[in-house]
Amino acid sequence: MPGDSPRKTWEDGRSADKPYLFRPCSRRARSIRGNAGRHAMGIRQHDRAASIWAKMCFLASETDSPVSIEHACVICGQVLDAVGVGLTLTAAGGLTEPVFATDERSRELEDLQSTLGEGPAVEVVRGGMLVVVTDVTSSEASLRWPIFAPEAVDRSVKSIIAVPIRAGAVKVGVVDCYREFAGAPSRERRAQALVCAEAVITLAIAEADAGGPGLAGLIDRGFTGHRDRVHQAAGMVSVQLGIGPADALARLRAFAYANDRKLDEVATDVVLRRVTFRSGP
């Protein structure tokens, strides 16, 4: 009405004469709420990181050793209720390099993914995003990884969470967490797992700055570095069959799996000319 005084409102948009009637928030109120939300999120992230590092420090203290990349992988498995964890790094030419595992089953699955060129770790290395396989026994998983999925099921693995390790935009590797039950972890558990992956990079840089081996040094612990042999063998197969390097690598992987052997073993035999590939009948 003309002559009426402007209606007063509260900061949150409530009418002064009808305090419980909510109106659209003012720009200032929305800004205040947005800043408060971001502040609260920052606190949660800080608390989450502090909790993860406290767990790693406690784990390291049990063996009176400094916090290491292995500890970050183990804690990643703990927050995701995994029975085993494997760490795979990226290598030149699209190869994956398994470098650490907490147990023999995880070691076998990491090596199998590298041999086959398929599995959650391979997808993470290619795409850089977290991969959650809620049910390895599902038809979807079998279609996605026709060889790897049945092998994982045979080893009593029901779900897998593959956590990417990145240094900025660079894809470095993946932490595979193997679980004996189906289902997906909560959003908070996933966030904690990503903190563990960030810790891998932080610890690797710290090790390198202190004169240690960093990530590269893990390759000699429990796994044999096979990158050069595989590349050399793929080159030889490429010449023998007159095909490209990528197709030659696929033939090596197929031969290794068909003969129940590791890719590195087959590559060694090819390099030493104990195994040759010939085209034709």
Can you give the donor-acceptor pairs under 3.5 Å from side chains of residues 156-168 to other protein atoms, not counting sequence neighbours?
unit_1	atom_1	unit_2	atom_2	d
Ser159	OG	Arg179	NE	3.0
Ser159	OG	Phe181	O	2.6
Arg166	NH1	Gly128	O	2.2

What's the shortest heavy-atom distance between [X] and [Y], and which atoms?
X: Cys73; Y: Val175; value: SG-CG2, 4.3 Å
X: Ala49; Y: Val195; value: CA-CG1, 3.9 Å
X: Val67; Y: Leu203; value: O-CD2, 3.7 Å
X: Ser106; Y: Gly86; value: CB-N, 4.4 Å
X: Ala60; Y: His71; value: CB-CE1, 3.5 Å

Residues which pass ring-ring contact (aromatic ring centres under 6.0 Å, His included) with Phe255, listed by chain and number, not counting sequence neighbours
Phe277

Intermediate values then yes/no, side chain to side chain contact (heavy atoms under 4.5 Å, CB included), Gln78 and Ile75:
CA-CA 5 Å; Gln78 288 183 5; Ile75 295 301; 3.4 Å; yes

Would Ile69 and Leu87 count as a side chain to side chain contact (heavy atoms under 4.5 Å, CB included) if you check the C-alpha gap in whole Å, the side-chain angles of each, and the deciding distance to 0.1 Å?
CA-CA 10 Å; Ile69 295 168; Leu87 172 63; 3.9 Å; yes

Less than 4.5 Å apart, side chain to side chain, heavy atoms only: is that true for [X] and [Y]?
X: Leu109; Y: Tyr178; value: yes
X: Glu198; Y: Ile52; value: no
X: Arg144; Y: Val131; value: yes
X: Val132; Y: Pro185; value: yes
X: Thr268; Y: Arg274; value: yes
X: Glu151; Y: Glu108; value: no

Establish, from distance only, whether the side-chain atoms of Ser138 and Glu140 form a donor-acceptor pair under 3.5 Å.
no

Side chains of Trp145 and Glu123: do they bring a donor and an acceptor to under 3.5 Å?
yes

Under 3.5 Å, is there a donor-acceptor pair between the side chain of [X] and the main chain of [Y]?
X: Arg251; Y: Asp247; value: no
X: Lys171; Y: Arg126; value: yes
X: Gln113; Y: Ala121; value: yes
X: Thr102; Y: Val85; value: yes
X: Thr90; Y: Gly173; value: no
X: Ser61; Y: Phe58; value: yes
X: Arg105; Y: Arg155; value: yes

To the nearest 0.5 angstrom, please state how far the [atom1] atom of [X] sits from the [atom2] atom of [Y].
X: Leu263; Y: Ser114; atom1: CG; atom2: OG; answer: 6.0 Å
X: Cys76; Y: Leu194; atom1: SG; atom2: CG; answer: 8.0 Å
X: Glu110; Y: Asp176; atom1: CD; atom2: CG; answer: 4.0 Å
X: Thr115; Y: Arg261; atom1: OG1; atom2: CZ; answer: 11.0 Å
X: Asp264; Y: Asp111; atom1: CG; atom2: CG; answer: 8.5 Å

Listed partners of Thr63 passing side-chain hydrogen bond (donor to acceptor under 3.5 Å, both in side chains), at least two apart
Ser65

Results of side-chain hydrogen bond (donor to acceptor under 3.5 Å, both in side chains) for Arg187 - residues two or more places apart only:
none

Run through Val125, Leu130, Val133 and flag the one making a side chain to side chain contact (heavy atoms under 4.5 Å, CB included) with Pro120.
Val133

Going through the distances and angles, do Ser68 and Glu70 end up as a side-chain hydrogen bond (donor to acceptor under 3.5 Å, both in side chains)?
CA-CA 5 Å; Ser68 67; Glu70 290 97 330; 3.1 Å; yes

Just jot down the side chain to side chain contact (heavy atoms under 4.5 Å, CB included) partners of Ser238, sequence neighbours excluded, or say none.
Pro245, Ala248

Do the side chains of Arg107 and Glu104 get close enough for a salt bridge, i.e. N-O under 4.0 angstrom?
yes

salt_bridge(Arg253, Glu118) N-O dist < 4.0 Å:
no

Partners meeting salt bridge (charged side-chain N to carboxylate O under 4.0 Å, His left out) with Glu62 (sequence neighbours left out):
none

Between Ile243 and Val275, is there shared hydrophobic-cluster membership here, with clusters defined by ILVMFWY side-chain heavy atoms closer than 4.5 Å?
yes

Using the rule that Ile, Leu, Val, Met, Phe, Trp and Tyr join whenever any side-chain heavy atoms are under 4.5 Å apart, tell me whether Leu252 and Val122 fall into a single cluster.
no

